[in-house]
Amino acid sequence: MTETLPGTPAADGFRMPAEFEPHAGCWMLWPERPDNWREAARPAQLTFARVAAAIAQFEPVTVGVSNPHYSAARALLPAGVRVVEMAHDDAWMRDVGPTCVVDARGAVRGVDWRFNAWGGLEGGLYFPWDQDDLVARKVLEIERLDRYRAPLVNEGGAVHVDGEGTALVTEECLLNANRNPRLAREDIERGVRDYLGVSHIIWLGRGVFNDETGGHVDNLACFVRPGEVCLAWTDRRRDPQYPISLDAWERLQDARDARGRRLEVRRLPMPAPLRLRAREAAGVVAREGTRERIPGERLAASYVNFYIANGGIVMPLLDTRTDRTAARRLKSLFPARRVVGVPAREILLGGGNIHCITQQIPAGGRGRIRPPVRAAG
């Protein structure tokens with residue numbers, strides 16, 4: 001059994017490493033809910049299997065699967081992907097899994113945020129969420145990593161860091177009253193500093209238009225390397241996304257990071273607006289307490305929602321008209337990594353994308369980087 005620690009990561013000398021630092025592996029969860037994933041989640045499961053196979057080319061992958069779905073998931077996933085039985089409410093490992101931190105000696109620990117399904121009873125996406133709130137603890141038990149139980153309601157997709165003391169967040173998400181209604185902005189800032197081990201926070205305004213997470217930063221912007229940020233962008237001035245991206249651009253231009261540097265901001269073009277089709281909505285089983293899928297609603301499609309693996313970038317393919325442009329731009333941003341695209345509309349239909357369904361475990365100094373598996377599929 002791993003230890004639940006007193007204190008905070010910052011006080012103990014721990015920091016959240018950037019996603020582009022070395023990983024020991026990646027965790028995912030298996031999509032199962034028929035009230036969020038169409039056609040009893042079968043199309044989503046096939047897509048998740050492809051994402052797992054793509055990441056497994058670069059680093060070890062573990063997928064948590066509930067008991068009734070274990071055999072089917074094991075059959076669909078590559079043999080080199082580890083499958084573990086794990087109860088959960090939905091498949092967003094980025095948000096329900098642990099946010100890991102490291103210290104100067106290479107020790108790795110995990111932060112277990114409080115989870116309320118992106119808003120609890122005031123705008124949350126499903127009820128109950130008690131099994132999701134246990135996922136981070138279960139992952140840390142399996143990985144044998146000690147755990148901090150944070151007092152904040154927060155999600156992994158709500159933060160990005162540069163590994164050198166700077167965090168990116170949005171006001172729309174972290175200041176939403178449905179997360180931590182009794183905390184003022186300075187209280188939330190203190191919590192982010194304490195549990196991520198950062199010294200400086202860059203506040204962006206809103207997240208991607210119609211993002212049902214309430215404005216997660218990981219769909220809008222991320223660090224490419226220290227001092228350089230990738231931003232979801234559209235040139236369509238009448239698009240409601242345009243003022244959101246422009247505001248983020250202006251804030252990033254005015255910002256300095258924890259080391260006092262100006263930021264280089266790289267624009268990553270978004271696909272044209274994508275919408276939920278009637279036949280896709282019809283495949284979702286409506287249930288009280290779960291977000292309804294409405295034909296014609298705009299999907300929060302962004303190429304920024306990619307995963308940085310050891311030596312690779314696994315990106316969502318969203319629209320054949322813009323996929324190649326996005327892939328070329330990502331290759332220019334990460335020249336030392338191989339860019340792999342996975343058709344990801346099925347993940348988008350559920351409310352997120354590749355970054356949202358993954359969570360890295362940093363390598364730290366434990367020598368835990370195992371060789372990647374050349375997965376079929």
Side-chain angles (χ1 to χ4, degrees), residues 1-2 25-53 55-56 60-99 110 112-118 120 124-145 147 155-157 212-213 283-291 293 307 344 346-361 375 377:
M1 181 176 177
T2 58
C26 174
W27 273 80
M28 299 173 62
L29 289 167
W30 196 241
E32 301 171 7
R33 297 180 71 110
D35 55 358
N36 189 56
W37 306 100
R38 69 189 184 108
E39 299 173 19
R42 180 67 174 184
Q45 290 168 357
L46 295 172
T47 298
F48 275 55
R50 291 186 69 173
V51 171
I55 296 172
V61 177
T62 303
V63 180
V65 183
S66 72
N67 177 279
H69 291 264
Y70 181 89
S71 295
R74 180 65 280 174
L76 286 174
L77 288 161
V81 170
R82 179 173 62 168
V83 180
V84 299
E85 191 174 307
M86 181 178 291
H88 56 281
D89 293 304
D90 206 352
W92 307 105
M93 181 59 91
R94 177 65 50 179
D95 294 344
V96 303
T99 297
D112 177 4
W113 305 105
R114 298 179 189 275
F115 180 73
N116 73 350
W118 311 274
L125 301 183
Y126 51 76
F127 177 86
W129 54 78
D130 56 307
Q131 291 302 313
D132 272 351
D133 196 38
L134 293 173
V135 167
R137 182 172 189 170
K138 294 175 182 178
V139 170
L140 294 171
E141 287 271 359
I142 292 170
E143 292 286 337
R144 298 189 180 279
L145 299 176
R147 162 182 169 262
E155 305 93 33
E212 61 193 52
T213 65
V284 178
V285 177
R287 193 176 74 173
E288 185 178 357
T290 303
R291 187 185 188 279
R293 299 293 172 194
Y307 179 75
E346 293 297 335
I347 312 173
L348 181 61
L349 295 179
N353 227 293
I354 288 174
H355 194 259
C356 304
I357 66 171
T358 54
Q359 180 61 272
Q360 69 274 7
I361 303 295

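These numbers come from the heavy atoms of this one structure, side chains and all, not from hydrogens, waters or symmetry mates.
- With hydrogens and angles left out, the side-chain atoms of E155 and T213 include no donor and acceptor closer than 3.5 Å.
- The two residues G156 and T99 have their closest heavy-atom pair at CA-OG1, 4.1 Å.
- Between the side chains of Q360 and R94, a donor-acceptor pair is found at a separation under 3.5 Å.
- For D95 against G157, the heavy-atom pair with the smallest separation is OD1-N, 2.9 Å.
- The nearest pair of heavy atoms linking V81 to A56 is CG2-CB, 4.1 Å.
- For F48 and W37, the ring centers sit closer than 6.0 Å to each other.
- Looking at T290, its side chain never comes within 3.5 Å of a backbone N or O of A286 through a donor-acceptor pair.
- When every heavy atom of N36 is checked against every heavy atom of G350, the shortest pair comes out as ND2-O, 3.2 Å.
- Contact annotation: the side chain of Y307 never approaches that of M28 to less than 4.5 Å [non-hydrogen atoms, C-beta and beyond].
- Contact of the M86 side chain with the V139 side chain is registered, since non-hydrogen atoms from C-beta on lie closer than 4.5 Å.
- The distance from atom CG of N116 to atom CZ of F127, rounded to the nearest 0.5 Å, is 11.5 Å.
- No side-chain heavy atom of D35 sits under 4.5 Å from any side-chain heavy atom of R291.
- Under 3.5 Å, the side chains of Y126 and D132 contain a donor-acceptor pair of N or O atoms.
- Under 4.0 Å is where a charged nitrogen must lie from a carboxylate oxygen, and between D112 and R137 no such pair does.
- Rounding to the nearest 0.5 angstrom, the gap separating the CZ atom in R33 from the CG atom in L125 is 9.5 Å.
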Applying side chain to side chain contact (heavy atoms under 4.5 Å, CB included) to V135 and Q359, what does each step give before you reach the verdict? CA-CA 12 Å; V135 167; Q359 180 61 272; over 6 Å; no
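- Under a 3.5 Å cut-off, the side chain of E143 and the backbone N or O of I361 do not form any donor-acceptor pair.
- Annotation: side chain of L76 is in contact with side chain of R42 (closest heavy-atom distance under 4.5 Å).
- Nearest heavy-atom pair across P98 and A136 is N-CB, 3.6 Å.
- Between E346 and R38 there is a salt bridge, with a side-chain nitrogen of the basic residue lying less than 4.0 Å from a carboxylate oxygen of the acidic one.
- W92 places a side-chain heavy atom less than 4.5 Å from the side chain of I347.
- W27 and M93 get closest at one heavy-atom pair: O-CG, 3.5 Å.
- To the nearest 0.5 Å, atoms NZ (K138) and CD (E85) are separated by 9.5 Å.
- A heavy-atom distance below 4.5 Å is found between the side chains of V96 and L29.
- Although no hydrogens or angles enter the test, the distance criterion places no donor-acceptor pair under 3.5 Å between the side chain of W118 and the main chain of E212.
- Between L134 and H88 there is no side-chain heavy-atom pair separated by less than 4.5 Å.
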